[in-house]
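Report on one structure; see the data block that follows.
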Amino acid sequence: MGVHVKPIILLLSLLATWPVRAQARLNMTEGVTDISQKVYGLHMTILIICAVIGVLVFGVMFWAIIHHRKSKGARAAQFHESTRVEILWTLIPFVILIAMAVPATRTLVAMEDASQSDLTVQVTGSQWKWHYRYFDEGVEFYSLLATLPQQIEGRVAKGKNYLLEVDQPLVLPTDRKIRFLITSDDVIHSWWVPAFAVKKDAIPGFINEAWTRINESGLYRGQCAELCGKDHGFMPIVVDARSPEEFDGWLAQTRAKQAEAKAAEQALVAMEMTMDELMQQGEQVYQRHCAACHQANGEGIPGAFPALKGSELILNDKAGHIDVVLYGKAGTAMQSFDKQLALKELAAVITYERNAWGNDSGDLVQPGDIDQARQGQ
Ligand SMILES: [Cu+2]
């Protein structure tokens, strides 16, 4: 007897702490919005209903198998077409399904109702980053992966938020209804933040609606949830939820900063940068914005992304080079960088491409040249 007690106590203690363990490791997040908590509640209710049905059905089945086995001399009852049984086994599942459909439908309807929002944010996916625009607020920015390439390549230890960190998080207020308009520049992406129970496809040419009202301030992380190409796993989402007062302060400050940056851009037009400055900044911009496709060595990936090293266009057509970087190439992964990069960054990255990897054209492209190319459009 004594031998069997220990495993039984172990099993019981495992079972007793199971709800805590399940919360920590296995279960869905409860999230920080009313909707996410409703979704969690639904998930638990339906899980319990399924578990009870499972236990009942298998319980009766095993009981019948064991107690009415042939070796005990059981004889099968011989009856057919019992109307009462048929009605019961149709009716009971029907009632159970209706009982589950009512709260599920209620939650779905609430999720879809983006009306009477306090703030609208346009979310645009593109290969491979997110762009956020606060409607009527004059604030917009790109949010890029911030994990260092050294971590991704395994040359240094992975950080705590490996592949779940960005340079500029989406800042949102708590306790306000936020409407999202979700779309895409290129292929289908999906904007997913589990803590809000928001997951919506970003489809080129369509605008999908979603909404949230965050109850607690904090940092919430998500990811693109639709396989969207080579760097699908490298376009995380970070939301920084702040109190409404803090949010208003942040918005005003960011608006002022962005306006200032635009004015400073104009002042740059007359500026002459040196080859060293341009090449140095250009390399940084290139690594951040271009190397994912064209590769750090400029050789691209044959069949998908053209080599810039030795490119005919770059070597023979400076205007064409500037044009393709500014406006992209419709229908290809080569997107427009006009709005993504500052004047100086554009000048630098184009100069870099014209002189790196043995391209050696000796050309300098100045911010003023970019501005001129823009005027010409
Ligand atoms: Cu994506």
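The analysis underlying the following values was restricted to heavy atoms, covering all of them including side chains, and did not include hydrogens, waters or symmetry mates. When a ligand or atom number is given, it counts from 1 through the structure's own listing order. Not measured: the values here are computed from a predicted model.
- The side chain to side chain contact (heavy atoms under 4.5 Å, CB included) check on S361 picks up R354, N355, D363, with sequence neighbours excluded.
- A search for side chain to side chain contact (heavy atoms under 4.5 Å, CB included) contacts involving S311 returns L313, I314, not counting sequence neighbours.
- Taking the side chain to side chain contact (heavy atoms under 4.5 Å, CB included) definition, one finds that T254 meets it with V139, W250, Q258, sequence neighbours left out.
- Checked for salt-bridge contact, R176 and D248 meet the test: a charged N lies under 4.0 Å from a carboxylate O.
- Nearby protein atoms of type N, O or S around the Cu ion (ligand 1) amount to 4 (distance under 2.8 Å).
- Salt bridge absent: R221 and D240 never bring a charged side-chain N and a carboxylate O closer than 4.0 Å.
- Note: F58 and W63 fail the aromatic proximity criterion, with ring centroids not under 6.0 Å apart.
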